[in-house]
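Note that the coordinates shown come from a computational prediction; the quantities given were computed from them, not determined experimentally. Each chain gets a letter, A, B and so on, in the order the sequences are listed, and its residues count up from 1.
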Amino acid sequence: MKNKELAKIFYEISDFLEIDGISFKPYAYKKAAFSLENLEEDVFDIYEKGGNDALQDISGVGENIANHIEEYIKTGKIKIYEKYKKKLPLKIDELTRVEGLGPKKIKVLYQKLGVKNLKDLEKSAKSHKISPLFGFGDKTENNILQGIEFQKQNKGRLLLGQILPIAESILEELKSLKEVDKISLAGSLRRRKETIGDVDILVVSKKPEQVMDFFASLELVKKVLAKGKTKTSIHTKEGFDIDLRVVPEESYGSALQYFTGSKDHNIITRKIAIEKGFKLSEYGLFKGNKIIAGKTEEEVYKALGMEYIEPELRENQGETEAGMNNKLPKSLELKDIKGDLHCHSNWNGGENSIEEIANVAIKKGYEYIGISDHTKFLRIENGLNENQLLEQDEEIKKLNKKFEKNNFKILHGCETNIMNDGSVDIKDEVLEKLDYVIAGIHSNLKMGKKEMTERLITAMKNPNIDIISHPTGRLINRREEYQLDFDRILKVAKETGTILEINSSPDRLDLKDLYIRQAKEFGVKMIINTDAHKINQLSQMNYGVSQARRGWAEKEDIINTKPVKELLNYLKH
DNA sequence: GCCGTTTTCGGCCCGACTGTTTTCAGTCG
């Protein structure tokens, strides 16, 4: 699929144009890149079927960009992109990822100091060459250094949401081979960790050579790093590695247990085995030379004297002890989710109508869906004002009549903005009329800890605010959480009956696993929402569910596992 | 460079905040 490659190029062209001080064109390229990125169909196929005209049917793609795409399909290159790369030989994506650095600052840094990449940037900042520049200062220099440090910590790890769909499609391809008897993902991907270093796949096969040959010739392979009978490693075009291992049938379970990890979990389980007079390895659980378990994970855990431990829990956070005392959480499943209360429609910046969203929700088997559009402070998302919210209410009432026969209900909410003082940007008398209210922080993210905590607490004390969206504001690999006294937040959430969101968006996953577990211990209720801005994002619910599982949450902790009547009981009004 | 119930040109990308300035440019959501 070349869509992502092309999107990346257009994003870069957009940055180049911005550096050149050209207005509006960068916006056009960004829009086209965004469309391509989210396109379901391969742009090559679209071109093959309908030519240049079909390309221009893609939203944000006109004559010029269609020509660029055509040029790329035919020659593998785009001239103006090559020209810019020569003129400004910069690692633009690397540099713009540093928070506070945009195209204009990058241009100055390149012209005055010859900064081309992150390494140059760090060198210049450390030797204090940046602060004397016009328009820069001590604080900017410091922020740059902090930004670089943050990026370094996250190096080489991609988001779960980027990798899982690719890995699952490879899994499907391999599964279709008749030589493959059993197959599973392993490693951090199977544990649904929020970021993934590389992908591990385990296979049982009597003809490993054929499986390895097939795997090494997959379309997404950029380079084969190693290829043998039991292990093949490849580097993908997407920039991550996949290891495929073939293991004997009789030790499939112990191998899966071993390669799923985590490392700390494995150390603990091996210690437990030794205490019981066994030896645990990827080849099986042994008593002396005799194998006593290994075919399935279940029998391995059972032989070790514990309940089966779900992969998401295997982080050495007390799961083995809980497993021996029958105290593991009852695992939450995607099918337990009965609705999604954080969805944006085309009334604000979203893409689809309320009716379209409702129809997808019905198809998913949901009992309800909540529409929670942005409100007026967020101009760029076309946030709604009081009057528009009331108009929207009328539309939803009409639609609800239509959907009565489906036993399905649309709930009307909104996602208000929490201002600096903890108030929100919609009047209480309108909030009162809605089924529920979500409130979130979208501005002034760098407040001090005390102020930020007070800001959120004031919002939670508002009797009209039911749910706090993405409570800690992090963007994985890109932005730190707000500074918050999270214990106080949990205390006030419990006191006020405020629900905390587990946002399923793969770059948020906010609350994170650790906080989910804390919230559960505090008795704070949570809700898993997708924050979908278009209908296909409604399918990202699985990421929120696996995050909740990693946080030991059970059905009773998550309010949208409840039917609509019970759900409404958890809200404040 | 794209787009159109404002339709082939003239809008689009607004407003707050930060860090730098001393009236504002750059960045972010």
Of the candidates dC17(B), dC2(B), dG26(B), the side chain of Lys105(A) sits closest to dG26(B)
Any side-chain donor near an acceptor of the partner, Asp531(A) and Ser505(A), under 3.5 Å: no
Side chain of Lys104(A) only, heavy atoms from C-beta on: which candidate in dC13(B), dG29(B), dG26(B) is closest? dG26(B)
Output the single nucleotide from dG1(B), dT20(B), dC17(B) whose closest atom is nearest the side chain of Asn444(A). dC17(B)
Expressed in angstrom and rounded to an integer, what is the separation of Ile106(A) atom CD1 from dA25(B) atom C1'? 15 Å
Measure the distance from CZ on Arg455(A) to C1' on dC17(B) and round it to the nearest whole Å. 12 Å
Give a yes/no on whether any side-chain N or O of Tyr27(A) is located under 4.0 angstrom from OP1 or OP2 of dC12(B). no
What's the CD1-P distance between Ile441(A) and dC17(B), to the nearest Å? 13 Å
Need one value for Leu378(A): base, sugar-phosphate or nothing, where a base atom within 4.0 Å counts as base even if backbone is also close, heavy atoms only. nothing
Would you call the rings of Phe44(A) and Tyr72(A) parallel, tilted or perpendicular if under 30° counts as parallel and over 60° as perpendicular? perpendicular
Taking the side chain of Lys139(A) as heavy atoms from C-beta outward, which of dT20(B), dG1(B), dG29(B) is closest to it? dT20(B)
For the C1' atoms, the ones on dC2(B) and on dT8(B), what distance do you get once it is rounded to whole angstrom? 12 Å
His68(A) vs Tyr29(A) aromatic rings, parallel, tilted or perpendicular, using cut-offs 30° and 60°? parallel
Quick test of the criterion, 5.5 Å between centres and less than 30° between planes. Is Phe136(A) stacked on dT20(B) or not? no
Would you mind reading off the distance between Leu101(A) atom CG and dT18(B) atom P, rounded to a whole angstrom? 18 Å
Whole Å only: how far is the CD1 atom of Ile144(A) from the C1' atom of dT27(B)? 12 Å
Side-chain donor-acceptor pair under 3.5 Å between Glu394(A) and His412(A), yes or no? no
Given that Gly62(A) and Gly135(A) both sit by DNA chain B, which one's nearest nucleotide is further toward the 5' end? Gly62(A)
Taking for Pro26(A) and for Gly137(A) the nucleotide of DNA chain B with the nearest heavy atom, the one nearer the 5' end belongs to Pro26(A)
With C1' as the reference atom in both, quote the distance from dG19(B) to dG11(B) in angstrom, rounded to an integer. 32 Å
Taking only N and O in the side chain of Asn420(A), is any of them less than 4.0 Å away from OP1 or OP2 of dA16(B)? no
Is any side-chain N or O of Arg479(A) closer than 4.0 Å to OP1 or OP2 of dC28(B)? no
With rounding to the closest Å, how many angstrom separate the P atoms on dC17(B) and dC12(B)? 24 Å
Nearest whole angstrom, please: distance from the C1' of dG29(B) to the CD of Glu415(A). 12 Å
Taking the side chain of Thr140(A) as heavy atoms from C-beta outward, which of dT18(B), dG29(B), dT20(B) is closest to it? dT20(B)
Ignoring backbone atoms, test whether Asn143(A) places a side-chain nitrogen or oxygen under 4.0 Å from the OP1 or OP2 oxygen of dG19(B). yes
Rounded to the nearest angstrom, tell me the gap between atom CG in Asp15(A) and atom P in dG26(B). 15 Å
With a 3.5 angstrom cut-off on both distances, give the Watson-Crick or G-U wobble partner of dC9(B), or none if there isn't one. dG4(B)
Mark yes or no: Lys512(A) above the aromatic ring of Tyr515(A), with NZ or CZ under 6.0 Å from the six-membered ring centre and no more than 45 degrees from the axis. yes
Side-chain N or O of Ser443(A) less than 4.0 angstrom from OP1 or OP2 on dG15(B)? no
May I have the step-by-step check of side-chain hydrogen bond (donor to acceptor under 3.5 Å, both in side chains) for Lys525(A) and Thr498(A), ending in yes or no? CA-CA 8 Å; Lys525(A) 296 293 174 199; Thr498(A) 311; over 6 Å; no
Assign Tyr29(A) to base, sugar-phosphate, or nothing according to its heavy-atom contacts below 4.0 angstrom with the strands shown. sugar-phosphate
Without decimals, in angstroms, what is the distance between Ile22(A) CD1 and dC2(B) C1'? 15 Å
Closest non-hydrogen atoms of Ala548(A) and Ile528(A), given as atom of the first, atom of the second and distance, are CB-CD1, 3.8 Å
Distance between the P atoms of dC9(B) and dG15(B), in whole angstroms? 29 Å
Work out how far the C1' atom of dT27(B) is from that of dC13(B), and round it to whole angstrom. 13 Å
In whole Å, what separates the P atom of dT21(B) from that of dA16(B)? 24 Å
